[in-house]
Amino acid sequence: MEIFDFLFGRVVPALNEGVAVSIQLIVPAAALGIVFGVVIGTLRVYGTYGLDVAANAYAAVFRGTPLVCQLLFLYYGLPNVGIYLEPYGAAVIGFALCSAAYHSEYIRGGLLATRRGQLLAAQALGFSTWQSMLSIIVPQAVRRALPGCGNEIIYLIKYSSLAYIVTCMELTGQGKMIATQTFRFSEVFLVVGAYYLVIVTVATFLLRKLEDRLRIPGFGHA
């Protein structure tokens, strides 16, 4: 019975605090990542010369460097130039910037899969380029990109376990603290893994529902 006392008396209460912090990290980072990803992806396909170069460079940097390095730079590197971020802020910004780079790739694919003739047809009807993009092209691209973007959100849930590196004590951070204090790594991290499994399963179910609701008729699975 000692194991149950340990798990339910100490581990679960601490992990419940940690999972609340994890959700507070994941939700805004996912929302910001999608918004920035749509902007960056659109600039990569339809941006003028200079903007498309900058957008491609952004995607290359954030997809080509480890997320751990990005978080450490934001939290420990920026103070060298007078910019100080709280642990929570550094984690959300880091997750959003990295996630946006990957979302931009999915959005870019969705835009390239949308026939350019639709843009020309909209302009022939009197739409400006930006009106055509916002009303016709981007909504289609986002719907086509939803499976990939959903996958990125699943990855983001697991990325969030890195926030403890910048002293933001989310789910993994709470688990690591208890395990270090008690040396009961096996029990603690089995429970931590179970928490992530439940979160990912729920998120996958909700994303599938969203995909089905926004699916373009005649495109994708039936």
Side-chain angles (χ1 to χ4, degrees), residues 2-37 62-63 65-75 85-106 145-213:
E2 186 272 339
I3 181 67
F4 291 104
D5 292 339
F6 173 66
L7 292 178
F8 292 102
R10 181 163 185 183
V11 176
V12 170
L15 295 188
N16 286 343
E17 292 181 17
V19 79
V21 176
S22 290
I23 291 171
Q24 290 170 32
L25 289 169
I26 293 165
V27 172
L32 290 172
I34 290 175
V35 172
F36 292 158
F62 281 93
R63 293 175 65 215
T65 56
L67 178 57
V68 172
C69 293
Q70 296 164 22
L71 291 173
L72 293 176
F73 174 79
L74 287 170
Y75 188 63
L85 297 174
E86 295 294 323
Y88 174 80
V92 170
I93 292 171
F95 294 151
L97 292 176
C98 182
S99 191
Y102 287 95
H103 282 305
S104 77
E105 190 66 17
Y106 299 121
L146 268 179
C149 291
N151 213 30
E152 175 57 25
I153 291 173
I154 297 300
Y155 282 128
L156 177 61
I157 292 171
K158 291 181 278 189
Y159 294 158
S160 69
S161 64
L162 296 175
Y164 81 90
I165 289 174
V166 293
T167 71
C168 184
M169 298 306 286
E170 41 61 66
L171 181 55
T172 302
Q174 291 285 358
K176 182 176 183 295
M177 185 169 63
I178 297 172
T180 303
Q181 291 170 349
T182 61
F183 295 98
R184 301 180 72 161
F185 290 89
S186 300
E187 299 98 319
V188 172
F189 282 104
L190 277 174
V191 179
V192 171
Y195 269 74
Y196 279 109
L197 182 60
V198 170
I199 296 171
V200 167
T201 302
V202 172
T204 301
F205 174 79
L206 295 176
L207 288 167
R208 286 278 172 82
K209 289 289 184 187
L210 183 64
E211 283 179 33
D212 289 341
R213 179 173 289 272

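Counting only residues at least two apart or in different chains, side-chain hydrogen bond (donor to acceptor under 3.5 Å, both in side chains) contacts with residues 184-193 comprise Glu2-Arg184, Arg184-Glu187.
Residues satisfying the side-chain hydrogen bond (donor to acceptor under 3.5 Å, both in side chains) test with Thr182, not counting sequence neighbours, are none. Every residue two or more places apart in sequence or in another chain was checked for a ring pair (Phe, Tyr, Trp, His ring centres under 6.0 Å) with Tyr164, and none qualifies.
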Counting only pairs under 3.5 Å, give me each side-chain donor-acceptor contact of residues 147-160, with atom names and distances, residues two or more places apart or in other chains.
residue: Glu152; atom: OE2; partner: Ser99; partner atom: OG; Å: 3.3
residue: Ser160; atom: OG; partner: Ile157; partner atom: O; Å: 2.5

Side-chain atoms of residues 195-206: list all donor-acceptor pairs with protein atoms under 3.5 Å, sequence neighbours left out, distances to 0.1 Å.
residue: Tyr195; atom: OH; partner: Asn16; partner atom: OD1; Å: 2.6
residue: Tyr196; atom: OH; partner: Glu170; partner atom: OE1; Å: 3.3
residue: Tyr196; atom: OH; partner: Thr172; partner atom: OG1; Å: 2.7
residue: Thr201; atom: OG1; partner: Leu197; partner atom: O; Å: 2.7
residue: Thr204; atom: OG1; partner: Val200; partner atom: O; Å: 2.7

Could you list the donor-acceptor pairs under 3.5 angstrom formed by side chains in residues 65-74, with sequence neighbours left out?
residue: Thr65; atom: OG1; partner: Val61; partner atom: O; Å: 2.8
residue: Thr65; atom: OG1; partner: Gln70; partner atom: NE2; Å: 2.8
residue: Gln70; atom: NE2; partner: Phe62; partner atom: O; Å: 3.1
residue: Gln70; atom: NE2; partner: Thr65; partner atom: O; Å: 3.0

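Of all non-hydrogen atoms in Ala14 and Gln174, the two that sit nearest each other are O-CG, 3.6 Å. The two residues Gly175 and Phe189 make their nearest non-hydrogen contact at C-CZ, 4.0 Å.
For the atom pair Ile34 CD1 and His103 NE2, the distance stands at 4.5 Å (nearest 0.5 Å). The structure places OG of Ser104 at 7.0 Å from CZ of Arg63, a figure rounded to the nearest 0.5 Å. Separation of atoms OG (Ser22) and CD (Glu17) is listed at 12.0 Å; rounding is to 0.5 Å.
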> When you look at Leu190 and Phe185, which way does the side chain to side chain contact (heavy atoms under 4.5 Å, CB included) test go after all the steps?
Replying inline: CA-CA 8 Å; Leu190 277 174; Phe185 290 89; over 6 Å; no
> When you look at Met169 and Val21, which way does the side chain to side chain contact (heavy atoms under 4.5 Å, CB included) test go after all the steps?
Replying inline: CA-CA 7 Å; Met169 298 306 286; Val21 176; over 6 Å; no
>> Using side chain to side chain contact (heavy atoms under 4.5 Å, CB included), reason through Phe8 and Ile3 one step at a time and then give a plain yes or no.
In response: CA-CA 9 Å; Phe8 292 102; Ile3 181 67; over 6 Å; no
>> Before you tell me yes or no, could you show the steps for Thr167 and Tyr75 under side chain to side chain contact (heavy atoms under 4.5 Å, CB included), namely the whole-Å CA-CA distance, both residues' side-chain angles and the distance that decides it to 0.1 Å?
In response: CA-CA 9 Å; Thr167 71; Tyr75 188 63; 3.5 Å; yes
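For the pair Leu171 and Ser161, the minimum side-chain heavy-atom distance is 4.5 Å or more. Between Ile93 and Tyr88 there is no side-chain heavy-atom pair separated by less than 4.5 Å. Between Arg208 and Arg213, the closest side-chain pair of non-hydrogen atoms is not below 4.5 Å.
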